[in-house]
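Below is one structure; the comments refer to it alone.
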Amino acid sequence: MTGRKKGGLLLILALGLYLLLSGSSSDLLPWARDISQVKLMRTMALDVGEEDQVQVTLSGGLQRQDQDSSDALPLLLSRQGLTVFGSVQALQTESDGYVEMGHLSDCVIGEALAGKGIEGLADFLERDFSMRLGTRLFLLAGDTGENALRMTSSKTTALTDRLEAISQNRTYGGKDWPFTVRTYLADTEDNGVSLLPVLELADNPDYDPEGQGEQPEKEIHLTGLACLTDQKLTGTLTGEESRGASLLSGWDQLDRFQVELPNGTVAGVRLVLCQCRWEPEFDEKGLLIAVTARLEVQGELNELTGWVDLTDTAVLEALEQGFLGQVAGLARAALDRSQEDGTDFLHIRRQLVFQCPAHSAQLMAHWEDWFPTVELRATAEGRVERSYDVDLPMREGA
């Protein structure tokens with residue numbers, strides 16, 4: 001190729017690139033936006049709207065004003081539509097800037113909408129390019145997500161801040177919050193069943209109506225877990241069942257127990273480690289007859305209400321057996337509830353397939369028939385250590 005032809009080819013390529021970037025195909029590129037006009041949303045609430053529409057409420061974080069003015073309440077926007085997507089698009093007309101959800105960290109679903117089903121939410125979250133799969137999911141019991149956003153916001157706090165604290169505290173900073181869009185979609189795809197954490201609103205004792213918005217009217221607390229089957233709310237677990245499900249799934253590393261010793265002294269023990277291994281048992285015909293959840297736990301002694309001799313083997317045995325018995329009891333409560341409801345919300349089949357690949361074909365083919373009658377067991381093994389020296393078990397020294 002001659003030099004003239006090469007030069008002509010380069011000019012054609014340069015012209016094509018210029019046209020691509022200059023606006024002829026501008027829809028292929030993101031729109032440039034002034035950052036001062038972008039409104040970053042941090043929390044989304046979903047509820048049942050009028051005439052069975054979907055109501056979407058969005059909230060930003062705390063708004064810091066100029067030094068000469070006071071802080072303002074978090075931005076709150078709400079619209080209704082036939083779909084989650086339609087409601088979100090309608091919200092663009094409610095703000096003086098572009099509503100951006102690429103930093104959305106939490107989604108709170110009202111109980112009424114969860115009872116109807118949240119298929120639309122799952123579809124929107126999975127398809128919309130601005131949504132993050134790491135967004136945390138919550139279910140609000142007995143109220144609407146919109147009320148949660150409005151009543152827990154003040155000039156000093158936003159709902160996002162509280163939900164961030166809940167997620168960090170319950171996992172003790174050691175693990176990621178497990179209830180995200182990603183895990184919800186994976187669990188639903190596995191067997192149609194998923195668990196979501198349940199929130200409840202409570203009166204804020206520090207609320208002052210004349211306090212210029214410094215304190216929110218309501219507090220929000222984590223109370224347990226709820227079960228969704230085929231993306232519809234089907235039941236709420238009790239406190240014991242929720243704790244057991246968390247232990248079996250390795251979610252909660254911040255549980256606490258109170259163990260009464262033979263002389264009446266009560267010991268406060270904190271859970272610091274919990275790992276679960278599932279073991280199937282088959283008969284001679286290859287039928288699954290039992291599944292055992294073996295929990296390996298470690299506790300830390302935090303308080304004694306009276307005096308006991310911690311060098312006494314009998315005292316140590318009573319302390320550890322009491323702690324392990326309570327752990328196993330919570331696990332059995334969750335297993336019993338799962339089997340009573342006929343919903344494998346613990347995803348035992350998936351765990352068995354991962355941990356026992358030699359039986360994966362049998363489990364995948366027959367689990368639906370086996371699950372209602374298989375015996376589900378839970379055992380706990382471990383020890384309790386000194387709180388002031390977690391590396392030295394109590395039975396190794398005075």
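Since we're looking at a predicted model, the values are computed, not measured. Just the heavy atoms: all of them, side chains too, but no hydrogens, waters or symmetry mates, feed the values below.
Rounded to the nearest 0.5 angstrom, Leu225 CG and Thr238 OG1 are separated by 10.0 Å. Within the model, atoms CG of Leu222 and CZ of Phe179 stand 8.0 Å from one another, a figure rounded to the nearest 0.5 Å. Expressed to the nearest 0.5 Å, how far CG of Leu137 lies from CD1 of Ile118 amounts to 7.0 Å.
A search for side-chain contact (heavy atoms from CB on, under 4.5 Å) contacts involving Gln258 returns Val266, not counting sequence neighbours. Legend: residues meeting side-chain hydrogen bond (donor to acceptor under 3.5 Å, both in side chains) with Thr229, ordered by chain and number and at least two apart, are Thr234. Looking at residues two or more places apart in sequence or on another chain, you find no side-chain hydrogen bond (donor to acceptor under 3.5 Å, both in side chains) involving Thr83. Thr236 is linked by a side-chain hydrogen bond (donor to acceptor under 3.5 Å, both in side chains) to nothing, counting only residues two or more places apart in sequence or in another chain. The side-chain contact (heavy atoms from CB on, under 4.5 Å) test applied to Asp203 returns Lys218, not counting sequence neighbours. Residues meeting the salt bridge (charged side-chain N to carboxylate O under 4.0 Å, His left out) test with Asp123, sequence neighbours left out: Arg127. The side-chain hydrogen bond (donor to acceptor under 3.5 Å, both in side chains) check on Glu111 picks up nothing, with sequence neighbours excluded.
Of the possible donor and acceptor atoms, none in the side chain of Arg162 sits under 3.5 Å from a partner among the backbone N and O of Glu219. In this structure a side-chain-to-backbone donor-acceptor pair under 3.5 Å is present from Thr188 to Tyr184. In terms of modelled atom types and a separation under 3.5 Å, the side chain of Ser360 and the main chain of Pro357 share a donor-acceptor contact. A donor-acceptor pair under 3.5 Å is absent between the side-chain atoms of Thr135 and the main chain of Val181, judged by distance alone.
Considering only heavy atoms from C-beta on, Lys116 comes within 4.5 Å of Asp52 through its side chain. Within the 4.5 Å cutoff, the side chain of Val54 has heavy atoms near those of the Leu46 side chain. In this structure the side chain of Arg350 never reaches within 4.5 angstrom of the side chain of Asn191, judged on heavy atoms. Asp336 places none of its side-chain heavy atoms less than 4.5 Å from the side chain of Leu376. No side-chain heavy atom of Arg243 sits under 4.5 Å from any side-chain heavy atom of Leu271. Between Thr160 and Ser59 the shortest side-chain heavy-atom distance does not fall below 4.5 Å. Side chains of Leu324 and Val297 form a contact here, defined as non-hydrogen atoms less than 4.5 Å apart.
Screening residues 130-161 for ring pair (Phe, Tyr, Trp, His ring centres under 6.0 Å) gives Phe138-Trp177 as the qualifying pairs, with residues at least two apart or on separate chains. Each ring pair (Phe, Tyr, Trp, His ring centres under 6.0 Å) pair with one or both residues in residues 331-358, not counting sequence neighbours, would appear here, but there are none. Counting only residues at least two apart or on different chains, no ring pair (Phe, Tyr, Trp, His ring centres under 6.0 Å) pair has a member in residues 189-210. Sorted by first and then second residue, the salt bridge (Lys or Arg N to Asp or Glu O under 4.0 Å) pairs involving residues 139-148 (not counting sequence neighbours) are Glu146-Arg150.
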For residues 363-373, please give each side-chain donor-acceptor pair under 3.5 Å, one per line with the distance, not counting sequence neighbours.
residue : atom : partner : partner atom : Å
Trp367  : NE1  : Asp344  : OD2          : 3.4

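Using modelled atom types and a 3.5 Å distance limit, the side chains of Gln55 and Ser78 yield a donor-acceptor pair. In summary, the side chains of Glu50 and Gln80 do not present any donor paired with an acceptor at a separation below 3.5 Å, with no hydrogens or angles considered.
Note on Glu164 versus Arg42: no salt bridge recorded, every NZ/NE/NH1/NH2 to OD/OE distance being 4.0 Å or above. Salt-bridge formation is detected for the pair Arg270/Glu300: a Lys NZ or Arg NE/NH1/NH2 atom is positioned less than 4.0 Å from an Asp or Glu carboxylate oxygen.
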Stepwise, does the side-chain contact (heavy atoms from CB on, under 4.5 Å) test hold for Leu319 with Leu261?
CA-CA 6 Å; Leu319 175 61; Leu261 300 177; 3.9 Å; yes
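More than 12 heavy-atom neighbours from other residues, nucleotides or ligands sit within 6.0 angstrom of CD on Glu281.
Residues Leu139 and Leu233 share a closest heavy-atom pair of CD2-CD1, 3.9 Å.
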